[in-house]
Amino acid sequence: MQQGINTIVAPTSEAELMQRVEKISGLRLSELASIMNVKMPPDLKRHKGWSGQLIEQCLGASAGSKQIQDFPNLGIELKTLPLSHRMEPLETTYVCYAPLLNNTGITWNSSSVRNKLSRVLWIPIQGERDIPLTDRVVGSGFLWAPNPQEDQLLQQDWEELMDMISLGKIERITAKTGQVLQLRPKAANGQALTSAVGENGDMIQTRPRGFYLRKHFTFNLLQSVFY
DNA sequence: CATTGATCATAC
DNA sequence: GTATGATCAATG
């Protein structure tokens, strides 16, 4: 068994964080779970965030549901990325909860989306469903920050979506809206409701939403990093 | 068969 | 309910 990576202490530097990232690269999820003394679920059907939380623990990310980056002292957000054998993302990437109310005054620069995506540690993980969870291998994690073009695309979509939300057009937003950023339901189930601005500026109840990165966006950033 | 809309676990 | 970690699975 590997030594020295079963830490829960937050990394104090980027170099320290990346050393830990290198140490878990190439390991199967079962090996990682064993090292961390975490029980493995049979699959992800009822444990969708399991691998993400396992990696968090391995790297010493601060747990919890706080609206901050995973490594606040380093300004780095952690995201796992399920990949096919062709190195293509298998899922969209959740970014953050979408504010539906009281969002006047929020700009792209002060938005949660930009804050979360300003610097991301991506950890690729084999994600194909025919590979048993236990055998899926962790890939080489890498640091990424949006380049000017990516930042502009994200800003465009964010502004379009936030405008619609502010103007009471949230029910007109579908997952098709946005080139690289999507707004989709984000809740425990379809019955969950939250307040939002309606068509006439009134208050309506709607499904909570979250921001997600489209797969082609994460695919492209993978390409730019590895080629 | 890719995508959209729905859903699962957990902390507070 | 809000927010974190996400993937599932019905549907077109």
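To find a chain, count down the sequence lines: A is the first, B the second, and so on, and within it residues start at 1. What you see is a predicted model, and the numbers here were worked out from it, not measured in a lab. Computed from heavy atoms alone, side chains included, the values below leave out hydrogens, waters and symmetry copies.
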Checklist entry - What about Lys116(A), does its side chain sit under 3.5 Å from the base of dT4(C) through a donor-acceptor pair? => result no

Checklist entry - Taking for each residue the nucleotide of DNA chain B bearing the nearest heavy atom, is the 5' side occupied by Thr177(A) or by His47(A)? => result Thr177(A)

Checklist entry - Of all the base pairs, Watson-Crick or G-U under 3.5 Å, which form stems of three or more consecutive pairs involving DNA chain B? => result B:1-12 with C:1-12

Next on the checklist: Under 4.0 Å from a heavy atom of chain A: give me the 5'-most and 3'-most nucleotides of DNA chain B that qualify.
Outcome noted: dT3(B) to dA11(B)

Checklist entry - So which of residues 214-227 of chain A are in contact with DNA chain B, with a heavy-atom cut-off of under 4.0 Å? => result Arg214(A), Lys215(A)

Next on the checklist: Listing request: all side chain to side chain donor-acceptor pair (under 3.5 Å) pairs with a residue in residues 195-213 of chain A, at least two apart in sequence or in separate chains.
Outcome noted: Glu171(A)-Thr206(A), Glu171(A)-Arg209(A), Arg172(A)-Glu199(A), Ser195(A)-Gln205(A), Thr206(A)-Arg209(A)

Item to check | Ser112(A) versus Gln67(A), closest heavy-atom pair with distance | outcome: OG-NE2, 3.8 Å

Just the table, please: protein N/O against nucleotides 8-12 of chain C N/O, every pair under 3.5 Å.
residue : atom : partner   : partner atom : Å
dC8(C)  : OP2  : Arg129(A) : NE           : 2.7
dC8(C)  : OP2  : Arg129(A) : NH2          : 2.8
dC8(C)  : O4'  : Lys48(A)  : NZ           : 3.3
dC8(C)  : N4   : Glu91(A)  : OE1          : 3.3

Checklist outcome for this item: Ordered by number, residues from residues 187-203 of chain A within less than 4.0 Å of DNA chain C (heavy atoms) are Ala192(A), Leu193(A), Thr194(A)

Item to check | Glu150(A): partners by salt bridge (charged side-chain N to carboxylate O under 4.0 Å, His left out), with sequence neighbours left out | outcome: none

Next on the checklist: Suppose the criterion is side chain to side chain donor-acceptor pair (under 3.5 Å): which pairs have a residue in residues 218-227 of chain A, not counting sequence neighbours?
Outcome noted: none

Item to check | Donor/acceptor link under 3.5 angstrom from Tyr94(A) side chain onto base of dA3(C) | outcome: no

Next on the checklist: Per the side chain to side chain donor-acceptor pair (under 3.5 Å) rule, what does the pair list look like for residues 91-109 of chain A, sequence neighbours excluded?
Outcome noted: Thr92(A)-Arg184(A), Asn103(A)-Ser166(A), Thr107(A)-Ser110(A), Trp108(A)-Asp151(A), Asn109(A)-Arg114(A)

Item to check | Gap between atoms CD and P, on Gln69(A) and dG5(C) respectively (whole Å) | outcome: 11 Å

Next on the checklist: Using whole Å, what does the distance between atom C1' of nucleotide dT4(C) and atom CD1 of Ile55(A) come to?
Outcome noted: 16 Å

Next on the checklist: So Asp70(A), base contact, sugar-phosphate only, or nothing? Heavy-atom distance under 4.0 Å.
Outcome noted: sugar-phosphate

Checklist entry - Which residue pairs satisfy the side chain to side chain donor-acceptor pair (under 3.5 Å) criterion with at least one member in residues 44-54 of chain A, sequence neighbours excluded? => result none

Checklist entry - Tell me the salt bridge (charged side-chain N to carboxylate O under 4.0 Å, His left out) pairs involving residues 130-139 of chain A, sequence neighbours left out? => result Arg28(A)-Asp135(A)

Checklist entry - Got a sec, which residues hit salt bridge (charged side-chain N to carboxylate O under 4.0 Å, His left out) with Glu22(A), two or more places apart in sequence or on another chain? => result none

Checklist entry - Looking at Thr80(A), does any N or O in its side chain come under 4.0 Å of the phosphate oxygens OP1/OP2 on dA6(C)? => result yes

